[in-house]
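What follows is a short report on a single structure.
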Amino acid sequence: MTSIIWDMGGTLVDTYPDVDRVLAGVVRSGGGDIELAEVASLTRRSRHEAIDILSRRFGIAPERFAEAYAELLASWQSSPPPAMAGAREAIAACRSGGGLNLVVTHRDRSSAQLLLDQLRLDIDDMVCLSDGFPRKPDPAMMLEILRRNEIPARSCLAIGDRPIDGQAARAAGIDSYLLGSKDGPHRITSLDQVPALLGRD
């Protein structure tokens, strides 16, 4: 059986469009001009990096971006972003083969659990940055989820959307696949491909 260690935002949940829109809105409200595609190119690396770059480039205090992001998180309590296409089917395919669906995310636990509950994504366990672990690409969160669930790395695959997801997985000895990314040795364009990775297509 193969278990999956999932990233969350941009992998299981389509959070990027909302985040891109909010960060671009802060720039525009401060008198700047930026295309959503440019913001997207930054957030696909890291939201924190995107805010740092945009703050310095447009002379806008990072706190303004943080406040706008906090407002976005609050809005998700009543209007969450959608699950990624194929997410529920991929989770079900993993479970039907006897594997666990595990999440390793930079998102704080309360925000992550809220999204999982609202979108009815059935996850077996989760490790969050707010649990006291370093950020990816450090493999600490990956290693913790393996340890806690008594799963050998060879019995898992990791699915994320950014190079740091793949780097963290490989450092923990886990095969990794990146969704929609041009980086890394293993790439998928849709979560519809996951059952085939599990040999359950």
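Count residues from 1 along the sequence.
When all heavy atoms of L42 and A50 are compared, the pair lying nearest together is CB-CB, 3.6 Å. Contact record, R107 with S111: CD-OG, 3.2 Å, taken as the closest heavy-atom pair. Residues V22 and Y69 share a closest heavy-atom pair of CG1-N, 4.2 Å. Between P195 and D192, the shortest heavy-atom distance links the atoms CD-O, 3.4 Å. For the residue pair P82 and L119, the shortest heavy atom distance occurs at C-CD1, 4.1 Å. Scanning all heavy atoms of the two residues, the minimum distance from Q113 to M126 falls at OE1-CE, 3.5 Å.
Between L129 and R135, the closest side-chain pair of non-hydrogen atoms falls below 4.5 Å. Using a 4.5 Å heavy-atom cutoff, the side chains of I53 and R45 are in contact. Looking at heavy atoms from C-beta onward, L157 lies in side-chain contact with T2 at the 4.5 angstrom threshold. Taking the side chain as every heavy atom from C-beta outward, L146 and C156 approach each other to under 4.5 Å. Using a 4.5 Å heavy-atom threshold, the side chains of L121 and N101 count as separate. Here the side chains of M8 and L116 are in contact, with some heavy-atom distance below 4.5 Å. Contact annotation: the side chain of D124 never approaches that of N149 to less than 4.5 Å [non-hydrogen atoms, C-beta and beyond]. Looking at heavy atoms from C-beta onward, L191 lies in side-chain contact with L179 at the 4.5 angstrom threshold.
Here the side chain of R44 pairs no donor or acceptor atom with the backbone of Y16 at under 3.5 angstrom. Looking at D131, its side chain does come within 3.5 Å of a backbone N or O of C128 through a donor-acceptor pair. Between the Q77 side chain and the L114 main chain, no donor and acceptor come within less than 3.5 Å of each other. Within the 3.5 Å criterion, the main-chain N or O of G180 finds no donor-acceptor partner in the side chain of T189. Proximity of a side-chain donor or acceptor of R95 to a complementary backbone N or O of D122 within less than 3.5 Å is detected. In this structure a side-chain-to-backbone donor-acceptor pair under 3.5 Å is present from S29 to G25. Side-chain N or O atoms of E67 include none that pairs as donor or acceptor with a backbone N or O of R64 at under 3.5 Å. Of the possible polar contacts, one joining the K136 side chain to the V104 backbone as a donor-acceptor pair under 3.5 Å is found. Proximity of a side-chain donor or acceptor of S55 to a complementary backbone N or O of D52 within less than 3.5 Å is not detected.
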> Would I91 and L12 count as a side chain to side chain contact (heavy atoms under 4.5 Å, CB included) if you check the C-alpha gap in whole Å, the side-chain angles of each, and the deciding distance to 0.1 Å?
Replying inline: CA-CA 9 Å; I91 287 170; L12 280 179; 4.1 Å; yes
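Taking OG of S176 as the start and CG of D7 as the end, the distance is 11.5 Å to the nearest 0.5 Å.
Both M84 and W6 are members of a single hydrophobic cluster when ILVMFWY side chains are connected at heavy-atom separations under 4.5 Å.
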